[in-house]
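This report refers to the structure that appears directly beneath it.
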Protein chains: 2
Amino acid sequence: MTNFKVGIIGAGPSGLAMLRAFESEQKKGNPIPEIKCYEKQDNWGGMWNFTWRTGVGKYGEPLHGSMYKYLWSNGPKECLEFADYTFTEHFGQTISSYPPREVLFDYIQGRINQSNARDYIQFNTVARWVDYIEDKKQFRVIFDNLKKNETFEEFFDYLVVGTGHFSTPNLPYFKGIENFPGAVMHAHDFRGADQFKDQRLLLIGSSYSAEDIGVQCYKHGSKSVTIAYRTSPIGCNWPDGIKEKAKLSHFEDSIAYFEDGSQEEFDAVILCTGYQHKFPFLPDNMRLKTNNCLYPDDLFKGVIFNHNERLIFLGMQDQYYTFNMFDTQAWFARDYMLGKIPLPPKKERIKEIKKWMDDEALTKTGEDHVDFQTNYIKDLMSYTNYPNFNVDKVGSMFKNWLKDKENNILNYRDQIYTSVIDGTQAETHHTAWMDELDDSLENYLEENKEPAI
Amino acid sequence: MTNFKVGIIGAGPSGLAMLRAFESEQKKGNPIPEIKCYEKQDNWGGMWNFTWRTGVGKYGEPLHGSMYKYLWSNGPKECLEFADYTFTEHFGQTISSYPPREVLFDYIQGRINQSNARDYIQFNTVARWVDYIEDKKQFRVIFDNLKKNETFEEFFDYLVVGTGHFSTPNLPYFKGIENFPGAVMHAHDFRGADQFKDQRLLLIGSSYSAEDIGVQCYKHGSKSVTIAYRTSPIGCNWPDGIKEKAKLSHFEDSIAYFEDGSQEEFDAVILCTGYQHKFPFLPDNMRLKTNNCLYPDDLFKGVIFNHNERLIFLGMQDQYYTFNMFDTQAWFARDYMLGKIPLPPKKERIKEIKKWMDDEALTKTGEDHVDFQTNYIKDLMSYTNYPNFNVDKVGSMFKNWLKDKENNILNYRDQIYTSVIDGTQAETHHTAWMDELDDSLENYLEENKEPAI
């Protein structure tokens, strides 16, 4: 064992990637540090660990999960496949390219279940407060064992923050919303389309939440879905029953008024207005302060906090790449902590961060964003032994996916892709997505069912 | 000024009572300590500061507020009147005994607006973490300025915790609830009856939330209201349209199964399953650990934490008396901090706490509970100069109120009482409560309207 200690906050895809990275090093017979991982929820998987609760959890902590029933992957699984653990290896059968939540959760767990990673994790435990002790170069972290209602402190040489950034709603005020009579909620608290059946639904926002919740509610029987964008429309070819409208102005009771002068009555409002990067347990000088973007400021290689070299953030970027990006970040962070990757002087780091940020500022289209993150992943991979995979080809798949969605937002999930890891071509799911109302793993994996098409 | 410093966490009725207590002392020309008060919300009033939001607030903190539209006082205002600021003094007219939320909020603000109390309060600021520094006998408190995203520390000789205990939902799991298709929420996130119009509503619980949300939803047009009790029924004379059922067993989709073997389909579920005493900012050895009761353990005189004499909790009891109880507690706490009330040795304090707890254990009926809290208030008042009022008479009013509710849960709010402070007899509201759908202050105070009866 090396002579330092690492604390990991969060056992979602990022925290688990960090554990997996160290485990992989250990399996090679190399020393790894002492590791402890703390997870607020009672299970791992982060966002993928579905909860029926809303607002706060069993112990009164703000809920992590934003997942809902009928959530199917909104990108091809071939774009997020682990380079060291394929879908085929996990399921022992070929599956479609867009699995539902439960299936993806099963896949994430499959990899980490191969190891003793669970032993490193203390569940139902939230980080309350972090102090950095300058002279010892250590973090003192106060944790709260929610189940026992007990607080305790631990000291770490490195602190890895993998708490995600799709949990804390950004909830702007709209004039009159306090008098809207129907349900008003943030996408974070949306748990399924059923409650909105036969209702006229207003979604505010134009990113993934609005797009996906809108389509799911349309599919599951809402009377109408109206998406009010804030800056620019999503711009899909919407079917009858879903439409986009200009910016919302205000509400008067159940009537929404739009900036184009139109008005419309609604039964429910879902605010798909994004999330905040929120780190209540960190002093402000250790907080990553950023909006949702591809290259947040102050993170060298998107990972190492520039104002405290021993503080590491994983997964804080807006994401095309997801599980595999967390992996490449975790592998980089591991080798950095192990001293295999030297840290350039701060001045140079600032310069490099700025270069990436300037590059992001030049991106305009979805394709540009994909290229940007493809380059980022490739750069990270050049430093470590994370299993090589054809990142450019994944980039191409992302671009196809963007086109698929533009062509038909209702059936893009029926498309299939081919794994760049093991060459497996996905299978068409037995039921067309628009006709598939059952999102259970059991139904999904039912092998003998004939494809509906 | 005295040579010590007091930190108050929370500017709700308890925190404001503390400020008022010191202000009253200062007005008499006596020295008071340096005081700072911190409030998570952007305004004072605690629970009475209504918000349309649910789950977390603007800055991602767990929401304090559990109030909803159409909330009218569920007890006579004469039972909660401040002894030093009457309703008549505030409104300049007589009003009914059961005002709506906005009116009570106005009243609370009226008293504190007479002083410069607002200057002591820093809003949008949450307490993150408290350390007690034994050798200095001081609290180091880390605060988080939510608006600025900045953390800072302050030191105090006394810490007064007035953060309430009706904010953190107790949310038990019921088998199958994760597959219930309709809305599922805790009473904490209920914001009004309108969204449940024409719906078949299941409420789980048998305390004030279930009783009041049930009646409000009945009044505002829910198709049916079913209250499933957990331990014992509320036992009112329910009108057709509201019923109580035995304990819930489990759900299968939209069907609820009860322990008496019956089953019923519902459109929505509201968990009226109570709240947790939650103090995430305190180390466990400074946390009050209690259920919702009239005399929590470890609080001498219901106020001074027995394991740290410099830590004070206000308003942590289950409540019949409310605003006037916070006042009597705050006056006691003030005089204790000012050295006017000596603290008996710990052993004696334990003995006294046990005596009260034993007495509470002997209470059986609502009337017993009222008597218990009446005695508690009288005991507190015997130590301070809080303006004397006829507490026994208030106790009698509480007992009448219990009977009124038992007789007719739908019209008990049409009853009127007489102030023990200034002898004002309440006026009958211009509209019978069941016919009054407008809960605004403006409508409530409309003087020229003829009483409906």
Side-chain angles (χ1 to χ4, degrees), chain A residues 50-63 69 126 128-129 131 142 144-145 148-153 167-173 177-186 188-189 191-197 253-254 267-268 275-276 278 280-287 289, chain B residues 50-63 69 126 128-129 131 142 144-145 148-153 167-173 177-186 188-189 191-197 253-254 267-268 275-276 278 280-287 289:
Chain A
F50 174 80
T51 175
W52 60 277
R53 296 165 192 273
T54 53
V56 296
K58 191 175 174 184
Y59 302 106
E61 299 297 312
L63 262 191
K69 269 182 279 186
V126 67
R128 279 278 171 245
W129 188 247
D131 282 310
I142 309 284
D144 199 340
N145 183 325
K148 293 186 176 169
N149 198 5
E150 274 176 18
T151 54
F152 61 97
E153 63 179 23
S167 282
T168 306
N170 176 46
L171 207 60
Y173 172 71
I177 198 167
E178 68 275 24
N179 296 320
F180 184 85
V184 174
M185 62 173 67
H186 188 275
H188 175 60
D189 285 335
R191 287 291 172 272
D194 299 310
Q195 111 176 58
F196 301 102
K197 209 177 163 187
D253 293 314
S254 57
D267 299 305
Y275 292 92
Q276 305 175 43
K278 170 107 181 167
F281 52 94
L282 291 174
D284 59 4
N285 62 2
M286 289 198 259
R287 284 180 182 169
K289 297 180 180 179
Chain B
F50 173 80
T51 175
W52 60 277
R53 296 165 192 274
T54 53
V56 296
K58 189 174 175 186
Y59 302 106
E61 300 297 312
L63 262 190
K69 269 180 280 188
V126 67
R128 280 280 170 243
W129 189 247
D131 283 310
I142 308 283
D144 199 340
N145 182 325
K148 293 186 177 170
N149 197 5
E150 273 176 18
T151 54
F152 62 97
E153 62 178 25
S167 282
T168 306
N170 176 46
L171 207 59
Y173 172 71
I177 199 168
E178 66 275 24
N179 297 319
F180 184 85
V184 174
M185 63 173 68
H186 188 275
H188 175 60
D189 285 334
R191 287 291 172 271
D194 300 309
Q195 110 176 63
F196 302 104
K197 209 178 163 186
D253 293 314
S254 56
D267 300 303
Y275 293 91
Q276 305 175 42
K278 170 107 179 166
F281 52 93
L282 291 174
D284 59 3
N285 62 3
M286 289 197 259
R287 285 181 183 169
K289 297 180 180 178

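By convention in this document, chain letters (A, B, ...) are assigned in the order of the sequence lines, proteins followed by strands, and residues within each chain are numbered from 1.
Side-chain contact between A:P172 and A:N170: present, with at least one pair of heavy atoms (C-beta onward) separated by less than 4.5 Å.
Within the 4.5 angstrom heavy-atom criterion, no atom of A:F196 approaches chain B. The contact between B:D131 and chain A is made entirely by side chain atoms (from C-beta outward), counting heavy-atom distances below 4.5 Å.
Without hydrogens or angle criteria, A:D284 side chain to B:T151 main chain gives a donor-acceptor distance under 3.5 Å. Between the A:T168 side chain and the A:Y275 main chain, no donor and acceptor come within less than 3.5 Å of each other.
Heavy-atom pairs under 4.5 Å with chain B peak, among A:K197, A:M185, A:R191, A:R128, at A:R128. Per-residue heavy-atom pair counts under 4.5 Å with chain B were compared for A:H188, A:E150, A:R53, and the maximum is reached by A:R53. Put simply, of B:A268, B:G60, B:S254, B:G57, the one with the most heavy-atom pairs under 4.5 Å next to chain A is B:G60. Most heavy-atom pairs under 4.5 Å with chain B: of the set A:F281, A:W129, A:Y173, A:F50, this distinction falls to A:W129. Heavy-atom pairs under 4.5 Å with chain A were tallied for B:K69, B:H186, B:K148; the largest tally goes to B:K69. For the set A:N285, A:D189, A:I177, the count of heavy-atom pairs under 4.5 angstrom toward chain B peaks at A:I177. Between chain B and the residues A:V184, A:V126, A:N149, A:I142, the most heavy-atom pairs under 4.5 angstrom are made by A:N149. When A:V56, A:T51, A:D194, A:T54 are compared by the number of non-hydrogen pairs under 4.5 Å with chain B, A:D194 comes out ahead.
Defined by atom type and a distance below 3.5 Å, a donor-acceptor pair is missing between the side-chain atoms of B:Y59 and A:Q276.
The environment of A:K58 atom NZ is sparse: at most 12 non-hydrogen atoms of other residues, nucleotides or ligands sit within 6.0 angstrom.
For B:D144 and A:R287, the salt-bridge test passes: some basic side-chain N is under 4.0 Å from an acidic carboxylate O.
Closest approach of A:L171 to B:W52, counting heavy atoms only: CG-CH2, 4.0 Å.
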